[in-house]
Amino acid sequence: MYEVYAIKYAHHARRAAENFLGGLPQDEHDGPMPLDYFVWLVRGGGREIVVDTGFSAAMAAKRRREHIRCPSAGLALLGCEAAAVKDVVVTHLHYDHIGNFELFPQAEFHLQDQEMRYATGRHMGEPVFRGAYELEDVVGMVRRVYAGRVRFHDGDAEIAPGVWLHLIGGHTMGLQVARVATRRGWVVLASDASHFYANMEQLRPFPILYNAGDMVQGYRRLRALADSPAHIIPGHDPLVMQRYPAPAKDLEGIAVRLD
Ligand SMILES: [Zn+2]
């Protein structure tokens with residue numbers, strides 16, 4: 001049984017029409033629908049597993065995102081020291097999920113074969129597919145491959161008792177989600193398999209995608225993997241901060257407990 005936390009580290013204002021492939025239907029009113037940015041901590045049985053590593057203040061400035069704090073500082077508020085973490089799950093290699101990897105010098109990085117193939121292969125020649133990748137992040141991960149610090153997975157993998165990774169694809173070729181055994185059942189950290197609750201509930205893809213079919217099938221897969229729809233944690237929805245409680249009074253607005 002693991003404790004699971006979402007730690008918010010950044011924010012970005014945008015409109016609802018930007019969050020759905022093809023925009024909104026004509027009868028639907030457009031309005032603000034901002035993104036929050038998270039990293040996740042899985043803790044239990046003497047293990048600490050970090051899911052994604054976020055982006056730095058410098059990257060936030062470059063990409064015009066509102067940076068709240070370094071994700072490692074957020075982890076520290078929960079008593080997790082980034083420099084000592086042994087396992088980092090990389091859901092995918094987009095800049096908002098794999099920046100800051102150098103802050104985890106002891107970690108082995110868990111990555112899907114298909115994600116490295118995508119991030120270093122033919123599709124990165126096309127701006128439409130490479131826009132959310134940062135070359136230096138990808139090159140940094142290649143360096144870690146050569147240093148023996150990347151553990152590749154091909155589909156489903158149990159990386160610790162009760163912690164599973166599942167290849168979903170869709171948003172990128174190799175996007176994976178993490179499924180964790182908790183006191184309330186199987187919780188699925190969906191990351192960008194569903195940016196918002198609305199994407200999976202309405203089966204309407206987010207517009208950054210590699211394969212629309214895999215993305216929509218992925219929404220169904222999330223439901224099959226989790227104990228209920230309320231056990232699925234979307235990757236960027238500010239509602240996560242409202243639907244779950246802070247682990248302590250002084251962490252309100254900073255982190256929530258998902259288990
Ligand atoms: Zn993302």
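No hydrogens, no waters, no symmetry mates; every other heavy atom, side chains included, goes into these values. One-based numbering, in listed order, for ligands and for the atoms of each.
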- Query: Shortest non-hydrogen contact from Ile7 to Ala255?
  - Reply: CG1-CB, 4.1 Å
- Message: For the residue pair Asp52 / Thr91, report whether a side-chain donor-acceptor contact shorter than 3.5 Å exists.
- Response: yes
- Query: Quick one: angle His236 NE2 - the Zn ion (ligand 1) - Asp96 OD2, to the nearest 10°?
  - Reply: 90°
- Does His94 put an N, O or S atom under 2.8 Å from the Zn ion (ligand 1)? no
- Query: Of all N/O/S atoms in Asp192, which lies nearest to the Zn ion (ligand 1)?
  - Reply: OD2
- Apply side chain to side chain donor-acceptor pair (under 3.5 Å) to Tyr5 and Glu3, showing your working. CA-CA 7 Å; Tyr5 302 90; Glu3 301 168 10; 2.6 Å; yes
- Under 30°, 30 to 60°, or over 60°: which ring-plane class applies to Phe129 and Tyr118, parallel, tilted or perpendicular? perpendicular
